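Report on one structure; see the data block that follows.
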Amino acid sequence: MMSVSGQERDVLAGIAAGLTHRQIARRLAIKESTVDTHMKRIRLKRKLGNKADLVRLAVELGLVEG
């Protein structure tokens, strides 16, 4: 299973916290399109489908308490 990069982890933590892509972009000082790209890469690397899968991954990685 492929690892998730540092910025991908930050984006994933934002999703798990319930933030929108725009809010994540503002917090990380990146473009919203970059957030979208990170999300696509995470989904491809980990073969994930929906946001519930992404939140589950964030919990597994210790990015949020579950």
Side-chain angles (χ1 to χ4, degrees):
M1 193 175 298
M2 297 186 77
S3 64
V4 178
S5 75
Q7 197 165 60
E8 288 171 346
R9 291 173 73 91
D10 293 341
V11 168
L12 189 58
I15 290 294
L19 301 177
T20 66
H21 289 206
R22 179 173 287 162
Q23 290 169 323
I24 295 167
R26 286 183 182 155
R27 281 193 178 189
L28 299 178
I30 59 177
K31 292 182 180 183
E32 194 171 343
S33 61
T34 303
V35 173
D36 294 336
T37 298
H38 286 312
M39 293 307 300
K40 288 175 188 173
R41 287 183 181 160
I42 295 167
R43 284 186 162 125
L44 285 172
K45 285 180 183 182
R46 296 297 184 111
K47 297 182 175 126
L48 301 175
N50 58 31
K51 281 196 177 179
D53 292 335
L54 294 166
V55 172
R56 201 168 11 260
L57 175 60
V59 171
E60 288 173 13
L61 294 175
L63 304 176
V64 293
E65 293 183 21

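None of the values given here were measured: they were computed from a predicted structure.
- To the nearest 0.5 Å, atoms NZ (Lys40) and NZ (Lys45) are separated by 15.0 Å.
- Under a 3.5 Å cut-off, the side chain of Thr37 and the backbone N or O of Ser33 do form a donor-acceptor pair.
- Checking side-chain atoms of Glu8 against main-chain N and O of Ser5 turns up a donor-acceptor pair under 3.5 Å.
- Smallest separation of non-hydrogen atoms from Gly14 and Ile24: C-CD1, 3.7 Å.
- Between the OG atom in Ser3 and the CZ atom in Arg46 there is a gap of 7.5 Å [rounded to 0.5 Å].
- Side-chain atoms of Lys31 do not come within 3.5 Å of backbone N or O of Ala25 as any donor-acceptor pair.
- Asn50 approaches Arg43 most closely through the heavy-atom pair C-NH2, 3.9 Å.
- If you take CD1 on Ile42 and CG on Leu12, they are separated by 5.0 Å, rounding to the nearest 0.5 Å.
- Once rounded to the nearest 0.5 Å, the distance linking CG of Leu57 with CG of Leu63 reads 7.5 Å.
- Within 6.0 Å of the CZ atom in Arg27, the count of heavy atoms belonging to other residues, nucleotides or ligands does not exceed 12.
- Across all their heavy atoms, Val55 and Ile15 have their closest contact at CG2-O, 4.5 Å.
- Taken from CD1 in Ile30 to CG in Asp36, the straight-line distance is 9.5 Å, to the nearest 0.5 Å.
- Rounding to the nearest 0.5 Å places CG of Asp53 at 13.5 Å from NZ of Lys47.
- Of the candidates Val11, Leu44, Leu48, Met39 forms a side-chain contact (heavy atoms from CB on, under 4.5 Å) with just one, namely Val11.
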